[in-house]
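Predicted model only: the values in this text are computed from it and were never measured. By convention in this document, chain letters (A, B, ...) are assigned in the order of the sequence lines, proteins followed by strands, and residues within each chain are numbered from 1.
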Amino acid sequence: MESSSELGFPINGDVKPKIASKRPLLGESTKVEGDDDEALFSVYLSAVASRELVPATNKQPRSDDMVRVSSSDDVFYRSLVRRTRITYDSLRYLIASEERQLPPGHRRRADLVAGARMKRLGLWLHRDKRIIGSIPGVAVGDIFFYRVELMTVAVHGHIQGGIDYVCPRGSDGRFPVATSVVLSGGYEDNDDRGDVIIYTGSGGRKKNEVSLTAPQRLSRGNLALEMSKENGIELRVVRGFTFDRSPSGRVYVYDGLYKVIDSWPDPGKSGFGVYKFKLLRITGQEPMGSVILQTAMDLKTKILKSRLNGYLSIDMSNGLERSPISLFNDIDCDKEPLLFEYVVRPVYPSIVFQETMEMRRRNGCRCIENCSPRCACAKRNGGEFPYDSIGLLLRGKPLIYECGTSCRCPASCPNRVSQKGVRHRLEVFRSKTTGWGVRSLDVVRAGEFICEFSGKVRTEDQWEAVNSKGGSLVYPSLFPGRWREWGDISDVVADYKPPGFTSSDLNFALDVSKKRNVACYLSHSMSPNVFVQMVLYDHYNEKFPHLMVFAMENIPPMRELSIDYGIEMDSFAC
DNA sequence: GATTACTCAAGCAA
DNA sequence: CTTGCTTGAGTAAT
């Protein structure tokens, strides 16, 4: 099993990393209602009290056992990574909202606290091995918003440090090997040309300063890069950018594996000596995520020449969607998506809306301004709003009640999200592997609404007629409840109550034979990156909810969106 | 083993 | 909306 490195120290191959075990939880949950001084003070006290529950020591040293992992079980590892990241992000959000209740000066950084708590609970991945090469379940192009997030899934081990390395067991600390580097714009001598990077070693800088104040030394990370060069060992590369649609203002893109092919001492721009390392990207990998990110941003202002002859339509919704849906095919002559009537919303039979005016008046809320947690719509959602202030879905539920046509609150009410329609620049595109597919030209944040399934609503007695004519139906009851995974923090919060099951069976199907929209082009996957959340807003008939599609992870531009239809691959026609 | 030096964060106020 | 200041966590080295 051992593929020995040229270094003389073993790097194991094909070892299945052990999955972190769950440990008992410390109860620490400070819920806040109201914002008067007394409440604030009690929150402060309870928060301080909860901090004392945290053990002072949290020593869980990293392993020095190097391993290469070939991911034989992609679905498993992808799910594991996603679950870890959902837990991290949900916990970070929870902690951030708790900390905001504290007076300034007493707030802790939610990104760090969330990471620390997960580490304490044994929820960081791959702590028992140091992985050389790619991390199973992490794909080239994956995007992260926090350095700590990179640590939880073992892509990079330092909260600030740019070079991560391991000293192999028995090497007496003299032969460190680099595992990953982060290019974040902190060194003036760096030169990033994509496939080739001239990377400056670390050190010689004062805290937070760009220019050097002392020469660098060939030790620690710098020595590790030197050793990696001599032994031809690959390392992971992450690039950091400023990005205004990130909660941290930064985005970190995993750009795949590189090798150090050259190194030399250099005078450096500041006059203090630096070490430089030439990194070359290993060929045969997926395209670089940071390049795609940059290209997608360029596409905001112009249609790139290279893509010009692929467009079948700039907007296949013909202006019906709030954001245009482009149609792209540079593979063959298929124009199938142009042959249908584009409808933005499902076409309901009139019985769905058969409610008396009195019922509608009772159902809607009467808030004049933005709704409060006490309003009728919040109560219907279990006393809380399903979205945060920028429209991110906080937690999947069997059914969400958005404020709707019967409510008096303004269109700006934060409980109106999916009803407003598509916000990202979506594209239906021809793919060699999945036929037609859907992707976004914008970054889609985890929890963001993407689109709704439209089509003609058919009741059960009509299905057979549609099928016999060769029509296509989407069955809502088959979607396997992936919404349960979204916002699930049962791993870190002791009193987490899992959401209930959908009570009523959904006995309708969406007939997308003639009328359809972008959603029915979503590909099927057992390891999906989007999921369906049922929503009501324009009627209160729970048997006919809207099928709203949300992102269950951060999706980089141009990556295909995929959903779990709960069906066998080949039985799906659309 | 406890302590310290080191680090291409991140939040916030000005 | 940049800039500087402050507080930081985890790791490897001491």
Arg220(A) side chain, from C-beta outward: closest of dC6(B), dA10(B), dT7(B): dC6(B)
Rounded distance in Å - CD (Glu99(A)) to C1' (dA10(B)): 14 Å
5' priority, DNA chain C, between Leu112(A) and Ser63(A) [closest heavy atom]: Leu112(A)
Residue-phosphate contact under 4.0 Å: Arg130(A) side-chain N/O, dA12(C) OP1/OP2: yes
Ring-face cation of Arg395(A) near Tyr93(A) (centre distance under 6.0 Å, axis angle within 45°): no
Met118(A) and Val148(A), any side-chain heavy atoms less than 4.5 Å apart: no
Distance in angstrom units between Arg100(A) CZ and dG11(B) C1', rounded: 12 Å
Ion pair check, Arg482(A) and Glu485(A), cut-off under 4.0 Å: yes
Arg147(A) side chain, from C-beta outward: closest of dT7(B), dG8(C), dC8(B): dC8(B)
From CA spacing to verdict: side-chain hydrogen bond (donor to acceptor under 3.5 Å, both in side chains), Ser184(A), Arg147(A): CA-CA 11 Å; Ser184(A) 206; Arg147(A) 288 287 290 261; 4.9 Å; no
Secondary structure string for DNA chain B (Watson-Crick or G-U under 3.5 angstrom, | for other-strand pairs): .||||||.||||||
hbond_proxy Gln160(A) side chain to dG8(C) base (donor-acceptor, 3.5 Å cutoff): yes
Whole-Å gap separating P (dG10(C)) and CZ (Arg127(A)): 9 Å
Rounded distance in Å - CG (Asp164(A)) to C1' (dC8(B)): 13 Å
Proximity to the side chain of Tyr199(A) - top-ranked nucleotide from dA13(C), dA10(B), dC8(B): dC8(B)
Which residues share a side-chain hydrogen bond (donor to acceptor under 3.5 Å, both in side chains) with Asn415(A), sequence neighbours left out: none
Below 4.0 Å: OP1/OP2 of dA9(B) and any side-chain N or O of Ser248(A): no
Sugar-phosphate only, base, or nothing, as touched by Gly221(A) at under 4.0 Å among non-hydrogen atoms: nothing
Minimum-distance nucleotide to Arg109(A) side chain [options: dG11(B), dG10(C), dA9(B)]: dA9(B)
Base of dA10(B) paired with side chain of Arg250(A) (donor-acceptor, under 3.5 Å): no
Asp442(A) with Arg245(A): basic N within carboxylate O range, under 4.0 Å: no
Value in whole Å for how far the P atom of dG10(C) lies from CZ of Arg62(A): 12 Å
d(CG, Leu102(A); P, dC12(B)) in whole Å: 12 Å
d(OH, Tyr146(A); C1', dG11(B)) in whole Å: 9 Å
Any Tyr165(A) side-chain nitrogen or oxygen under 4.0 Å from OP1 or OP2 of dT7(B): no
Selected nucleotide, minimal atom distance to Tyr252(A) side chain, candidates dC6(B), dT11(C), dA10(B): dA10(B)
Distance-minimising heavy-atom pair for Pro386(A) and Asn381(A): CD-ND2, 3.8 Å
Touch class at under 4.0 angstrom, heavy-atom based, for Ile163(A) against every strand present: nothing
Sugar-phosphate only, base, or nothing, as touched by Gly203(A) at under 4.0 Å among non-hydrogen atoms: sugar-phosphate
Comparing Val148(A) and Arg217(A) on DNA chain B - which has the more 5′ nearest nucleotide: Arg217(A)
Whole angstrom value for the distance that separates P of dT7(B) from NE2 of His156(A): 13 Å
Aromatic plane relationship, Tyr387(A) with Phe550(A) - under 30° parallel, 30 to 60° tilted, over 60° perpendicular: parallel
